[in-house]
Amino acid sequence: MEIIVAKTAGFCFGVEKAVKTAFDLVAGGEKNLYTFGHIIHNPQIVSELESRGVKVIEKINDLESPAKLIIRAHGVAPEVYEEIENKGIEMVDLTCPYVKKIHKLVKKKFEEGFQIIIIGDRNHPEVIGTNGWCNNKAYIVNDIEDVDRIPDKSAQTFVVAQTTIMYEKWKSITEHIEKTFKNVIKSDTICNATSKRQNESAEIASKVDMMIVIGGKNSSNTQKLYEISKKYCDETYIIESAGDLPLIDTNKVKTVGITAGASTPDWIIKEVIDRMEELNRQDSEVSFKEAFEDSLVTLESGKITKGRIIGFNDKEVYVDLGYKSDGVIPMEEYTDRRDFDPKKELRIGDEIEVYIVRVDDREGNVLLSKKYVDTRRNWNFLRKAFRNKTAVDVKVVEVIKGGLLADYEGINIFLPASQVSDKFVKDLSEYVGTTLTVRLIEFDARRKKVVASRKVLIEEENERKIKEFWDNIEVGKEYEGTVTSLTNFGAFVDLGGVEGLVHLTELSWSKIKHPSEVLKKGDIVTVRVLEFDRESGRISLGYKKAEDNPWYNIAEKYPKDSIVKGKVVRLVPFGAFVELETGVDGLVHISQISDRHIPKPDDVLSIGQEVEAKVLEVDAENNKIALSIKDVNPINPEPAEDVKKEKTARKEKSEKAKEPKERKKKSAPENEEAEETSNSHVEKMNVTLGDVFAGLGLNGINLADSEDGEN
Ligand code: F3S
């Protein structure tokens with residue numbers, strides 16, 4: 001029996017998109033999902049969606065927010081959109097773009113003053129929706145009598161068609177309209193997909209013994225396919241699934257044509273084809289007579305039954321079926337699995353499911369196949385996995401041209417190189433022998449073609465993690481991350497698919513010039529969120545910790561009046577900065593260095609000099625510590641130096657003082673002697689006190705220069 005399947009059988013693009021989107025939404029965990037009317041005229045799809053929680057409503061009033069409403073490919077009237085909006089319901093508009101175009105046309109022409117005629121079924125949702133775009137004022141006609149009932153034949157008239165009507169109907173009705181109306185513009189809006197499918201069905205029906213039309217019984221385009229096919233083939237049947245197939249007498253029926261309506265999913269078409277191929281197989285292997293005879297016993301060729309393994313050798317497995325003869329499974333009919341080892345895997349007594357190929361193999365045995373049962377089950381499993389987008393574990397067998405060949409219970413699965421990972425894989429051989437979790441992205445059981453992707457699962461998982469990350473991020477939250485790169489301004493850290501930046505100033509409490517002073521690429525670090533912006537994807541991170549701050553608990557570390565040791569790190573006119581530890585400098589004011597007056601700190605201190613000091617005050621809030629060297633061990637200038645400086649200063653002063661005296665001497669000679677005597681007395685006295693002070697170790701007090709001395 002030859003089976004001819006129409007190329008145009010099944011979903012049109014509008015329906016395909018609607019159904020796929022609905023299943024995708026369900027698979028994505030969408031709750032409160034509704035469809036406005038049945039999404040397509042196919043009971044299996046509708047009940048499958050219902051079983052996954054998608055409810056069907058007929059009126060918007062039946063809905064309460066929160067809800068997500070799917071508008072099917074048929075489209076709706078504008079007032080439905082308004083109702084949806086008024087109720088604040090979320091909408092997924094899957095109106096077929098082709099139908100939307102008709103809505104626009106009708107609206108435009110109606111606004112221009114045309115009377116609108118729609119050729120089609122007035123109860124069809126698409127026609128009801130289209131009528132809404134001309135305020136429900138269209139004349140909906142299905143035959144010539146309907147046309148004749150339109151009262152105004154002189155008005156400007158615009159004619160469109162329901163997308164799925166037969167072209168003959170369109171032609172005959174529009175010809176009549178053009179004859180009886182004065183002013184007509186028509187737009188053939190029959191969908192191309194529909195007319196192609198109808199033409200192909202007519203062509204196939206004209207050359208087969210039996211024609212099978214698969215589709216919902218209430219689908220208008222399926223009904224039309226049936227009508228067209230019936231014209232050319234008396235033996236035309238309309239079925240909704242493989243279970244509805246009529247009895248086929250393969251002696252009479254040599255060719256069968258199969259077509260399907262726009263709402264029929266591929267998997268139903270495939271089931272019908274599989275069932276017919278099975279019939280073919282039975283037909284070639286067992287006669288009707290044999291089948292009848294077999295029916296007299298408990299076993300039947302073409303059926304699946306259970307049995308127990310009673311023995312095996314390299315070529316065959318023997319099975320007890322509880323029948324008068326034992327079953328035999330040739331080893332090649334046991335499994336296709338490449339790694340199958342009968343000695344390791346077969347166990348006497350194990351129960352297995354088998355397909356009865358022939359009740360009597362002419363040697364008195366029942367010929368069985370286990371592979372057939374497994375393959376069918378496995379193909380069904382993969383079909384479901386493909387349809388539901390569920391993950392499948394496959395074993396990589398070898399590297400082949402363009403990717404990897406994997407195995408699922410004896411079924412070959414191709415993994416293109418680009419789908420193996422979300423990153424470039426240089427050497428695919430590393431995957432050979434491993435088990436990978438994949439998603440099927442192409443499935444054609446008829447051509448035995450299954451293509452899988454691991455990359456989509458990885459990407460989805462990454463997306464999920466990123467979403468979860470952003471949903472849970474908080475300022476102050478700590479993450480463990482990996483340093484991915486270092487730049488002049490900071491370090492980038494991967495927090496699990498999302499990168500954040502630790503700015504240079506957030507890396508360390510002490511001043512650093514480059515992040516490499518603290519971190520290196522690949523380091524695992526604990527970081528803290530300082531700031532984030534989900535929209536721009538920016539995250540500022542902190543790495544340094546409060547407790548690592550050298551000023552943390554500073555008052556406890558350096559209590560007031562304690563004696564500390566440090567190193568002079570900076571000298572300024574008003575004092576010296578002494579480093580007590582890395583990052584903690586205290587200030588010794590100039591007045592706290594020495595017992596004596598010193599003009600500049602560097603007169604007695606130098607950078608790097610170790611000193612002891614007393615803590616005078618700790619200002620933890622402003623990171624300041626006041627120290628005193630003089631309270632521990634005052635640093636006074638060297639006496640010799642001191643005296644030398646004093647002498648020089650005195651000499652300079654005395655020279656300066658002489659000048660006015662000279663002038664005075666000239667003008668008042670009588671006072672000159674007395675003045676001179678007085679100055680030399682002071683000088684003498686200074687030298688004497690300076691020497692005395694130096695001798696006492698109290699250098700630095702210059703009587704001549706001091707305020708006391710001058711007064
Ligand atoms: Fe659209 Fe044509 Fe299908 S109108 S829904 S693609 S039959």
Side-chain angles (χ1 to χ4, degrees), residues 6-25 35-46 49 56 69-77 80-81 91-107 116 118-133 138 140 142 159-170 186-202 213-229 238 259-269:
K7 289 192 196 80
T8 52
F11 283 172
C12 62
F13 82 89
V15 168
E16 169 129 38
K17 186 174 169 227
V19 172
K20 186 174 177 303
T21 308
F23 277 101
D24 283 352
L25 286 169
T35 60
F36 190 51
H38 289 160
I39 190 153
I40 55 169
H41 297 301
N42 179 280
Q44 287 90 343
I45 290 283
V46 172
L49 281 173
V56 180
L69 181 64
I70 294 174
I71 303 294
R72 59 188 166 183
H74 291 322
V76 291
V80 177
Y81 288 122
M91 175 180 69
V92 184
D93 189 0
L94 299 174
T95 305
C96 174
Y98 199 76
V99 175
K100 278 212 160 161
K101 212 170 116 189
I102 302 172
H103 292 170
K104 274 192 197 154
L105 268 178
V106 166
K107 183 171 186 282
I116 307 292
I118 304 171
I119 302 177
D121 174 359
R122 65 180 61 251
N123 296 318
H124 193 281
E126 181 198 311
V127 175
I128 295 168
T130 304
N131 192 15
W133 292 88
I140 300 164
N142 209 13
V159 190
V160 290
Q162 181 184 335
T163 53
T164 48
I165 65 163
M166 282 160 63
Y167 182 71
E168 288 72 26
K169 180 181 272 186
W170 164 261
K186 57 180 186 171
S187 180
D188 174 359
T189 52
I190 298 174
C191 174
N192 200 14
T194 307
S195 55
K196 270 193 188 162
R197 189 182 298 110
Q198 290 172 353
N199 292 341
E200 197 189 9
S201 298
V213 180
I214 316 167
K217 297 232 163 83
N218 51 357
S219 155
S220 73
N221 77 79
T222 304
Q223 282 298 333
K224 275 158 208 156
L225 287 181
Y226 172 74
E227 286 163 27
I228 292 168
S229 303
I238 187 164
T259 188
S263 311
T264 310
D266 280 359
W267 58 272
I268 291 186
I269 301 171

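The basis for the numbers below is simple: all heavy atoms, side chains too, and nothing from hydrogens, waters or symmetry mates. Just follow the structure's listing: the first ligand is 1, and inside any ligand the first atom is 1.
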Using a 4.5 Å cut-off on heavy atoms from C-beta on, say whether the side chain of N42 contacts that of P265.
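P265 vs N42: side chains touch.
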
Heavy-atom check, side chain of R72 versus side chain of P125, under 4.5 Å:
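Contact flag for R72/P125 side chains = yes.
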
So how far is it from T259 OG1 to I228 CD1, rounded to the nearest 0.5 Å?
9.0 Å

Mind listing the protein N/O/S atoms less than 2.8 Å away from atom 3 (Fe) of ligand 1? Waters don't count.
C12 SG

Residue pairs, two or more places apart or on separate chains, that pass salt bridge (Lys or Arg N to Asp or Glu O under 4.0 Å) and touch residues 187-197
none

Contacts of N131 meeting side chain to side chain contact (heavy atoms under 4.5 Å, CB included) (sequence neighbours excluded), chain-then-number -> I118, C134, N136, A138, I140

H103: partners by ring-ring contact (aromatic ring centres under 6.0 Å, His included), with sequence neighbours left out
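If we apply the ring-ring contact (aromatic ring centres under 6.0 Å, His included) test to H103, skipping adjacent residues, the hits are W133.
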
